[in-house]
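Working notes, structure below.
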There are 2 protein chains.
Amino acid sequence: MPKFLDSLPMILSRSLDRVMPSYRRLFQANDLTDQQWRVLRALWEKQHLTSAQISQITLLPPPSLVGILDRLEKKNLIGRLRSTEDRRHIHIIPTQKGRALMEHMMPMVESIHDDFMQRVTAAEWDEFNRILNKLSEPTKKRNLA
Amino acid sequence: MPKFLDSLPMILSRSLDRVMPSYRRLFQANDLTDQQWRVLRALWEKQHLTSAQISQITLLPPPSLVGILDRLEKKNLIGRLRSTEDRRHIHIIPTQKGRALMEHMMPMVESIHDDFMQRVTAAEWDEFNRILNKLSEPTKKRNLA
DNA sequence: TATGAATTATTCATATATGAACTAATTATA
DNA sequence: TATAATTAGTTCATATATGAATAATTCATA
């Protein structure tokens with residue numbers, strides 16, 4: 001009984017390792033990293049977001065986000081705009097080039113997603129989400145012995 | 001319908017982000033990173049493994065493994081031993097100190113695992129694994145348009 | 001309204017991920 | 001058996017993760 005390989009972290013990591021290459025080929029073909037795409041994808045839903053909002057949506061930690069935004073900005077895919085109301089906030093806005101890239105990639109990204117969805121029934125997908133949520137929903141901190 | 005947050009990669013990433021802190025507090029209390037623990041955990045099952053075997057078991061990419069092993073070796077938790085039959089292979093072996101640390105941590109790691117398992121029934125856990133495997137099982141390379 | 005607390009983005013140090021390339025050792029083949 | 005192809009571990013360059021700390025700004029409150 002190799003419990004290690006069946007632990008929750010290893011199961012989730014292994015699945016991620018298996019799922020990501022399908023997406024990554026598309027990202028690389030468009031000169032993007034996984035994380036850079038995540039930021040663009042977040043901006044697809046809403047055109048201007050602050051760094052903190054992007055961090056929350058994409059799950060990218062703020063210190064990582066700084067560099068990711070730097071590189072997206074250098075590629076002229078996004079712009080940074082400091083807010084006038086609250087000068088601590090910086091709005092991230094896709095450029096024309098950024099929007100064009102998003103429009104180009106979105107159908108292919110959705111197609112990959114649909115391919116994965118077709119592997120299971122809608123009921124299975126719901127059940128999967130329900131159980132995974134039970135397994136991983138946030139909780140109080142655990143005491144260490 | 002924010003399909004992005006419900007995509008397979010984001011769901012898996014979010015769950016990992018929620019699960020890992022429970023473990024990480026224990027790892028940090030013992031001056032280990034997630035990955036360093038993974039290597040020790042792999043050596044728990046079998047005392048001598050080659051780098052390639054560890055990489056496969058732990059899902060750690062070989063270039064990362066080099067540094068991880070370096071740091072474990074520097075902490076005197078493992079040793080590297082070049083094979084005499086095939087001098088390309090390097091056997092990784094836990095030291096006495098490494099074995100002691102594993103013995104100390106294993107019960108707590110298992111306890112954390114058990115806590116997660118108690119969140120779902122055995123049937124749910126099986127169903128979860130079955131669906132996740134369907135979702136993420138390896139496949140042929142996908143054509144890009 | 002001065003002053004401490006909270007917030008936002010950032011920097012820093014260290015560790016890891018990713019893909020390409022490289023070295024030494026071994027195996028397969030002409 | 002010389003030579004090409006493989007294999008194991010590693011190095012390199014670049015990008016990201018993690019946790020602590022910091023600067024600038026705003027908020028709360030005495």
Side-chain angles (χ1 to χ4, degrees), chain A residues 9 13-14 16-29 31-39 48-75 77-92, chain B residues 9 13-14 16-29 31-39 48-75 77-92:
Chain A
S13 297
R14 188 164 42 242
L16 259 181
D17 284 357
R18 288 175 176 174
V19 167
M20 288 316 295
S22 299
Y23 287 94
R24 194 167 295 143
R25 281 194 290 278
L26 172 61
F27 300 156
Q28 291 182 332
D31 193 31
L32 291 178
T33 64
D34 301 358
Q35 294 86 344
Q36 287 167 14
W37 167 254
R38 273 202 219 176
V39 170
H48 63 80
L49 294 168
T50 67
S51 286
Q53 287 172 322
I54 291 180
S55 174
Q56 195 190 5
I57 294 172
T58 60
L59 308 178
L60 298 171
S64 302
L65 195 52
V66 174
I68 295 167
L69 293 176
D70 285 347
R71 287 177 279 276
L72 286 172
E73 198 174 16
K74 188 179 296 178
K75 290 192 232 180
L77 295 173
I78 63 150
R80 276 177 165 104
L81 197 60
R82 187 171 288 277
S83 167
T84 48
E85 305 110 40
D86 187 336
R87 293 179 40 72
R88 289 172 304 183
H89 290 92
I90 292 193
H91 293 288
I92 309 299
Chain B
S13 296
R14 189 166 40 242
L16 259 181
D17 283 357
R18 288 174 176 174
V19 167
M20 288 316 296
S22 298
Y23 287 94
R24 193 166 297 143
R25 278 193 292 279
L26 173 61
F27 300 156
Q28 291 181 334
D31 193 30
L32 292 177
T33 64
D34 301 359
Q35 293 86 347
Q36 288 167 13
W37 167 253
R38 272 201 221 178
V39 171
H48 63 81
L49 295 168
T50 67
S51 286
Q53 288 172 322
I54 292 180
S55 174
Q56 195 190 4
I57 295 172
T58 60
L59 308 178
L60 298 171
S64 302
L65 196 52
V66 175
I68 295 166
L69 293 175
D70 284 347
R71 286 177 281 277
L72 285 172
E73 198 174 16
K74 188 179 301 180
K75 288 192 236 183
L77 295 172
I78 63 150
R80 278 176 164 103
L81 197 60
R82 188 171 290 274
S83 167
T84 48
E85 305 110 41
D86 187 337
R87 295 181 38 73
R88 291 171 302 182
H89 291 89
I90 292 192
H91 294 287
I92 309 299

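Fair warning: this is a prediction, and the values are worked out from it, not measured in the lab. Values below: all heavy atoms of this structure, side chains included; hydrogens, waters and symmetry mates excluded. In what follows, chains carry the letters A, B, and so on, assigned in the order in which the sequence lines appear, proteins first and then strands, with residues in each chain numbered from 1.
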Separation of atom [atom1] in [X] from atom [atom2] in [N], rounded to whole Å:
| X | N | atom1 | atom2 | answer |
| --- | --- | --- | --- | --- |
| A:Leu32 | C:dT18 | CG | P | 16 Å |
| B:Leu16 | C:dT16 | CG | P | 16 Å |
| A:Asp34 | C:dT16 | CG | C1' | 15 Å |
| B:Leu60 | D:dG9 | CG | P | 14 Å |
| A:Arg87 | D:dA23 | CZ | P | 18 Å |
| B:Ile92 | D:dG9 | CD1 | P | 8 Å |
| A:Phe27 | D:dA15 | CZ | P | 17 Å |
| B:Gln35 | D:dT18 | CD | P | 9 Å |

Pair listing, side chain to side chain donor-acceptor pair (under 3.5 Å) test, anchored in residues 59-69 of chain B, at least two apart:
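Side chain to side chain donor-acceptor pair (under 3.5 Å) check on residues 59-69 of chain B returns no pairs.
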Checking [X] now: which residues fulfil side-chain hydrogen bond (donor to acceptor under 3.5 Å, both in side chains) with it, not counting sequence neighbours?
| X | answer |
| --- | --- |
| A:Asp86 | A:Arg88, A:His89 |
| B:Gln35 | none |
| B:Glu73 | B:Arg80 |

Specify the angle, to 10°, made by the local axes at the two ends of the helix from C:dT1-D:dA30 to C:dA30-D:dT1 when five pairs are taken at each end.
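Taking the rotation axis at each end, their angle is 10°.
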Just to verify, what does [X] make a side chain to side chain contact (heavy atoms under 4.5 Å, CB included) with, not counting sequence neighbours?
| X | answer |
| --- | --- |
| B:Asp34 | B:Met20, B:Arg24, B:Phe27 |
| A:Arg87 | A:Arg82 |
| B:Gln53 | B:Leu49, B:Thr50 |

Counting only side-chain nitrogens and oxygens, does [X] get under 4.0 Å of the OP1 or OP2 atom of [N]?
| X | N | answer |
| --- | --- | --- |
| A:Thr33 | C:dT18 | no |
| B:Arg24 | D:dT18 | yes |
| A:Gln28 | C:dT18 | no |
| A:Gln36 | D:dT16 | yes |

Looking at CD1 of B:Ile92 and OG of B:Ser51, how far apart are the two atoms once the value is rounded to the nearest 0.5 Å?
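Going from CD1 on B:Ile92 over to OG on B:Ser51, the span is 4.0 Å.
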With rounding to the nearest 0.5 Å, note down the distance linking CG in B:Leu77 to CZ in B:Arg71.
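Between B:Leu77 CG and B:Arg71 CZ, I get 13.0 Å after rounding to 0.5 Å.
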5'-most contact on DNA chain C: B:Thr84 or B:Ile68, nearest heavy atom basis?
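Final value for this comparison: B:Ile68.
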Give the B/S/- string for nucleotides 5-13 of chain C, one per nucleotide from 5' to 3', where a protein heavy atom under 4.0 Å of the base yields B, of only the sugar-phosphate yields S, and otherwise -.
--BSSBBB-
